[in-house]
Amino acid sequence: TNQLLVLGSWQNENLWKYELDGSKKWSKFTCHDDDGHKICLPKIRSEFTYILSNDDRYIVTFGHMNDDILVYDLENKRMYKSKINCPIKNKLHAVVMQGCFDNNLLIYGYLKENEYETSLSFPMDLIELITMFYVTRYSSDYVHLFECHGNRHWK
């Protein structure tokens with residue numbers, strides 16, 4: 001079904017969904033742990049960032065006031081706390097490159113920027129080859145985290 005999901009905000013521990021087909025009503029999207037117990041979002045979950053997996057099954061959130069990484073399995077309605085934490089407790093942006101057009105822009109922009117610095121010109125055939133290599137090898141494997149008020153980057 002088509003749904004709009006809204007993650008909790010300041011002091012809100014609920015994940016809300018809006019049915020775009022059928023009822024057209026808001027309801028709580030309830031998550032459970034492996035033992036079947038109901039799980040709520042941690043309180044004070046503001047200014048966090050998130051990504052949606054390439055297969056639209058998982059929402060992964062990266063904390064702000066804490067360094068938690070939470071994974072929401074939308075298909076099985078489960079929530080997991082990752083064993084891995086964010087690199088810092090700070091406001092972050094998260095990005096996953098999802099699609100050939102985004103990958104082409106990323107690689108083409110990077111190479112064009114370097115043309116000015118190095119005076120090298122890259123033929124389109126080489127750019128396409130690099131893009132194919134990047135998409136097959138790296139594109140869906142990494143989440144990129146960027147510090148909002150700094151210049152640090154993690155993948």
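Keep in mind that this is a model prediction, so the values were computed, not measured.
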Let me see the working for Asn90 and Cys148 under side-chain contact (heavy atoms from CB on, under 4.5 Å), right down to the final yes or no. CA-CA 8 Å; Asn90 201 349; Cys148 289; over 6 Å; no

Residues two or more places apart in sequence or in another chain: which of them pass side-chain hydrogen bond (donor to acceptor under 3.5 Å, both in side chains) with Asn76?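 Only Asp73 meet the side-chain hydrogen bond (donor to acceptor under 3.5 Å, both in side chains) criterion with Asn76.
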
His153: side-chain hydrogen bond (donor to acceptor under 3.5 Å, both in side chains) partners, not counting sequence neighbours: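 Checked His153 against side-chain hydrogen bond (donor to acceptor under 3.5 Å, both in side chains); matches are His144.
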
Between the main-chain N or O of Leu70 and the side-chain N or O of Ser82, is there a donor-acceptor pair closer than 3.5 Å?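 No, Ser82 side chain to Leu70 backbone: no donor-acceptor pair under 3.5 Å.
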
Where the side chain of Thr49 meets the backbone of His93, is there a donor-acceptor pair that is under 3.5 Å apart?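 Pair absent, no side-chain N/O of Thr49 close to backbone of His93.
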
How long is the span from the [atom1] atom in [X] to the [atom2] atom in [Y], to the nearest 0.5 Å?
X      : Y      : atom1 : atom2 : value
Phe146 : Lys91  : CZ    : NZ    : 15.5 Å
Lys155 : Leu145 : NZ    : CG    : 12.5 Å
Lys24  : Tyr18  : NZ    : OH    : 6.0 Å
Leu92  : Asp67  : CG    : CG    : 10.0 Å

Are the side chains of Trp154 and Glu147 in touch, meaning some heavy atoms are under 4.5 Å apart?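 A side-chain contact exists here, since the closest heavy-atom pair is under 4.5 Å.
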
Heavy-atom closest contact ([X] atom, [Y] atom, distance):
X     : Y     : answer
Phe62 : Ile51 : CE1-CG1, 4.1 Å
Asn2  : Asp21 : ND2-OD2, 3.2 Å
Ile69 : Val60 : CG2-CG1, 3.6 Å
Lys81 : Asp68 : CE-OD1, 3.1 Å
Met79 : Tyr72 : SD-CE2, 2.9 Å
Ile59 : Leu52 : CG1-CD1, 4.0 Å

Among all residues two or more places apart in sequence or in another chain, which pass the side chain to side chain contact (heavy atoms under 4.5 Å, CB included) test with Ser27?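 Checked Ser27 against side chain to side chain contact (heavy atoms under 4.5 Å, CB included); matches are Lys17.
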
Evaluate whether atom CD1 of Ile84 has more than 12 neighbouring non-hydrogen atoms of other residues, nucleotides or ligands under 6.0 angstrom away.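 Atom CD1 in Ile84 is not packed in, count stays at 12 or less.
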
Please evaluate residues Glu19 and Lys25 with respect to the criterion side-chain contact (heavy atoms from CB on, under 4.5 Å), reporting the C-alpha separation (whole Å), side-chain torsions for both, the decisive distance (0.1 Å), and the verdict. CA-CA 6 Å; Glu19 295 291 338; Lys25 293 184 180 180; over 6 Å; no

